[in-house]
Amino acid sequence: MKIVVKLFATLRLNLKIGMVEIHSNSPISVLQLLQQVSKNVNSDILTELTNDNKILVGAIILIDGINVLHQNKLETIIDKDCVVSVFPPNGGG
Amino acid sequence: MERYSRHRNLYSESQFALIRKARVLVAGAGGLGSTVIQLLARLGVGTIYIYDYANVDLPDLNRQILYEENDIGKSKTLCAASKISAINKEVKAIALPKKIDINISIPNVDVVFDCLDNFEARFILDDILYKNQIPFIHGGINKYYAQVTSIVPGLSKTLSELFPINSNDVDRNMSKDIFPPVATFAASIQVSEGIKFITKQKDKMLINKVMMIDLLTNNFEIVDFK
């Protein structure tokens with residue numbers, strides 16, 4: 001299974017990349033996916049997206065356009081090829 | 001009509017009449033709001049209500065293009081209303097120098113621009129507006145980045161369906177760093193969205209789509225959400 005993880009906003013600034021590909025032989029949760037991305041890029045992206053294993057206000061995680069907020073949040077299981085878009089909070093005005 | 005001659009022909013007669021009689025509310029008269037207010041005034045929108053409880057301070061001047069050094073310490077809404085009159089006397093400006101809380105009353109408007117700097121106030125407004133079937137043009141900025149999406153009742157999800165509400169960490173770690181051009185850029189997209197709604201061009205709007213703006217690498221992407 002190939003999961004394309006697209007990173008936006010300050011994640012790009014900090015990581016200097018906009019996309020990571022993760023390959024997995026078995027279903028994984030969004031939390032596990034983000035942990036795997038953190039390992040691959042050698043930087044903990046969860047600190048920009050979560051607090052106490054909850055998605056931070058203003059952050060968005062979409063699996064093929066569907067917000068994990070309306071699924072099982074960080075425990076949403078990914079079991080097929082997909083694009084995961086990850087947006088850290090952009091809340092200023 | 002000479003005043004509007006450089007954009008009047010972009011619209012039909014009836015569309016332009018809609019712009020002229022439109023009533024809008026700008027929530028937040030800071031980085032986004034400054035540009036939104038100014039563009040709306042120049043476009044000739046009929047009535048602009050402005051909500052903001054803050055006064056102008058020195059760090060605002062890097063991006064809040066409605067204000068000058070002489071305005072420091074003054075109410076943003078009162079300054080903004082005065083600037084609107086200076087730009088276009090045909091536009092009615094109404095200053096509402098109040099904080100957005102659950103007790104606020106929303107005037108009868110066609111569209112609201114979310115130029116706020118915190119999610120707590122956004123969620124309050126989102127709830128009130130959705131119940132009243134008023135569209136809400138969301139903008140948010142951080143460093144070199146921005147996002148814009150249009151919340152249209154009946155056609156799109158609410159803002160609180162898009163973003164999680166975690167009461168414990170609302171607005172935690174909100175950065176104050178803003179690259180000034182990103183504020184004017186995002187605000188321009190917001191105005192474009194609002195005018196499309198007013199002129200009945202909903203099919204061209206960012207409904208169930210979020211535009212991600214990255215001025216550091218010039219990456220602009222529209223992401224669909226379902």
Side-chain angles (χ1 to χ4, degrees), chain A residues 3-20 29-31 34 43-76 78 80 82-93, chain B residues 27-33 36 52 63 114-123 138-149 157 160-178 182-183 186-187 208-210 212-214 216-217 219 221 223-226:
Chain A
I3 306 165
V4 175
V5 182
K6 294 172 88 172
L7 305 165
F8 290 91
T10 47
L11 287 172
R12 286 189 183 179
L13 181 69
N14 299 337
L15 303 175
K16 315 287 184 216
I17 50 169
M19 198 183 76
V20 179
S29 70
V30 170
L31 181 62
L34 296 177
S43 174
D44 185 5
I45 66 169
L46 284 163
T47 57
E48 287 201 53
L49 299 165
T50 65
N51 181 33
D52 288 339
N53 279 348
K54 284 184 181 166
I55 301 169
L56 276 180
V57 69
I60 311 174
I61 303 169
L62 306 175
I63 301 173
D64 286 338
I66 298 175
N67 200 329
V68 300
L69 194 63
H70 308 300
Q71 302 176 71
N72 219 0
K73 302 184 175 74
L74 291 173
E75 296 309 317
T76 305
I78 299 168
K80 59 179 183 187
C82 62
V83 176
V84 176
S85 304
V86 181
F87 310 88
N90 280 335
Chain B
L32 293 169
V36 166
D52 200 310
R63 69 205 181 284
D114 167 13
C115 302
L116 296 161
D117 63 359
N118 68 91
F119 278 99
E120 192 176 2
R122 282 186 172 108
F123 289 138
H138 163 71
I141 53 179
N142 185 17
K143 297 189 170 121
Y144 301 96
Y145 310 99
Q147 68 206 15
V148 178
T149 187
K157 294 185 184 302
S160 48
E161 285 176 308
L162 183 58
F163 298 114
I165 304 177
N166 301 329
S167 55
N168 291 338
D169 61 32
V170 165
D171 304 318
R172 189 182 77 104
N173 295 339
M174 196 74 85
S175 166
K176 288 185 184 298
D177 299 332
I178 303 289
V182 87
N208 291 325
K209 299 168 193 282
V210 58
M212 299 302 300
I213 296 157
D214 173 349
L216 187 62
T217 61
N219 187 291
E221 196 161 337
V223 179
D224 290 279
F225 52 86
K226 298 165 187 166

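Lettering of chains follows the sequences in order, A, B, ..., and the numbering in each one begins at 1.
Shortest non-hydrogen contact noted between K226(B) and D64(A) is NZ-O, 3.0 Å.
Proximity to chain B is absent for every atom of I61(A), based on heavy atoms less than 4.5 angstrom apart. If you measure heavy-atom distances from K6(A) to chain B, the contacts under 4.5 Å come from the side chain alone. For L216(B), the part lying under 4.5 angstrom from a heavy atom of chain A is the side chain only. If you measure heavy-atom distances from E221(B) to chain A, the contacts under 4.5 Å come from the side chain alone. For L162(B), the parts lying under 4.5 angstrom from a heavy atom of chain A are both the backbone and the side chain. Heavy-atom distances place no part of A183(B) under 4.5 Å from chain A, backbone and side chain included. With a threshold of 4.5 angstrom between heavy atoms, S85(A) approaches chain B through side-chain atoms but not through N, CA, C or O.
Here the CZ atom belonging to F225(B) is positioned 8.0 Å from the CG atom belonging to L62(A), to the nearest 0.5 angstrom. Within the model, atoms CD of Q147(B) and CG of N90(A) stand 4.5 Å from one another, a figure rounded to the nearest 0.5 Å. Atom CG of D224(B) is separated from atom CD1 of I66(A) by 11.5 Å, given to the nearest 0.5 angstrom. In this structure, CG in L69(A) is found 10.5 Å from CZ in F163(B), a value given to the nearest 0.5 Å.
For the set N67(A), L13(A), V83(A), the count of heavy-atom pairs under 4.5 angstrom toward chain B peaks at L13(A).
Of the possible polar contacts, one joining the R122(B) side chain to the G91(A) backbone as a donor-acceptor pair under 3.5 Å is found.
Around the OH atom of Y144(B), the shell of radius 6.0 Å holds no more than 12 heavy atoms that belong to other residues, nucleotides or ligands.
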(request) Applying side-chain contact (heavy atoms from CB on, under 4.5 Å), run through T10(A) and Y145(B) and close with a yes or a no. (result) CA-CA 7 Å; T10(A) 47; Y145(B) 310 99; 4.0 Å; yes
